[in-house]
J.: 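Before we start, here is the structure in question, set down as structure tokens.
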Amino acid sequence: MRKQIAAANWKMNLTFQQGEKLLDDILRADIRLKSHRHAVFAVPFPYLLMARSEVEEETNYYVAAQNCYHKKNGAFTGEVSAEMLHSLAIPYCIIGHSERREHFHETNAMLSEKLDLCLEHFITPIFCCGEPLPIREAGTQNQFVELQLKESLFHLSADQAKMVVIAYEPIWAIGTGKTATSAQAQEMHAFVRSILASQYGPEVAGEFSILYGGSVKANNATELFACPDVDGGLVGGASLVATDFIEIMKALK
Ligand code: PGA
């Protein structure tokens, strides 16, 4: 079975102490994850080591960075490289979140470099794609998402691409409380899998975990995750509340 992933994206929230307590509260629930299920915590850079040591003893609990820089190393004050993350044994990194594309002007070309650097350093990228509202209203979301994948991902070989986790996050659903319906999520996820199949063949496409993101909550996760092509979620707001994220972890297939 494909990996089913509940990924928490804390964004720029919580103090160190609050983050530590949140992880403690979640771990205290003692949710045992079978081998095809992963819980991933994308925490701010200064919390990575704390979070890593919190989850160290747990099976299938992992830590992620929320970003890395698109260059290998050098005079880029304030940035963090994939190599640095690897040196801290961080196994996952979110790449191309829509907030980074919007506020930090990250382009598909830059994201393609980030994917390369992550893979070179054995970090599983969680690659985000998804359309803004005007594109959805114009009905051209499929072409929009296809271009994001083509320009950032399709230079990879099948063996490399298989390492990437995709997160479909319609921008109009992020932080708005306006979740895509499970039918809308399934439709886009099936489309994403079909373009992966046209590039890499159906067998490889079937191995990709494709997460849904955008107002995933404790009360809608079960329905969303039940869709055949939805392999879990990338969760912002609801990942900041232990009881909510615990329910979302339990909703994994
Ligand atoms: P949200 O954020 O769950 O608060 O909508 C999701 C995300 O941005 O990854």
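Side chains are part of it too, since the values below use all heavy atoms of this structure and drop only hydrogens, waters and symmetry mates. Whatever order the structure lists ligands and atoms in, that order sets their numbers, starting from 1.
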J.: Mind checking ring-ring contact (aromatic ring centres under 6.0 Å, His included) for Phe225 and listing every partner two or more places apart, or none if nothing turns up?
T.: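 Applying ring-ring contact (aromatic ring centres under 6.0 Å, His included) to Phe225 gives none.
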J.: In terms of side-chain heavy atoms, does Tyr92 have a donor or acceptor partner in His38 at a distance below 3.5 Å?
T.: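 Yes - a donor-acceptor pair under 3.5 Å links their side chains.
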J.: I'd like to know if the side chain of Tyr212 and the backbone of Ala180 have a donor-acceptor N/O pair within less than 3.5 Å.
T.: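 Between the backbone of Ala180 and the side chain of Tyr212 there is a qualifying donor-acceptor contact (under 3.5 Å).
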J.: Would you say the side chains of Glu79 and His70 form a donor-acceptor pair under 3.5 Å?
T.: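 Side-chain D/A pair, Glu79 to His70: absent.
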J.: Heavy-atom contacts with ligand 1 below 4.0 Å: which residues, ordered by chain and residue number?
T.: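 Around ligand 1, where the cutoff is 4.0 Å for heavy atoms, the contacting residues are Asn9, Lys11, His97, Glu169, Ala173, Ile174, Gly175, Gly214, Ser215, Leu234, Val235, Gly236, Gly237.
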J.: Are side-chain N/O atoms of Glu131 and Trp172 paired as donor and acceptor at under 3.5 Å?
T.: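 Yes - a donor-acceptor pair under 3.5 Å links their side chains.
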J.: When you check the side-chain N and O atoms of Lys150 and Asn108, is any donor under 3.5 Å from an acceptor?
T.: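 Looking only at side-chain atoms, Asn108 and Lys150 do not form any donor-acceptor pair under 3.5 Å.
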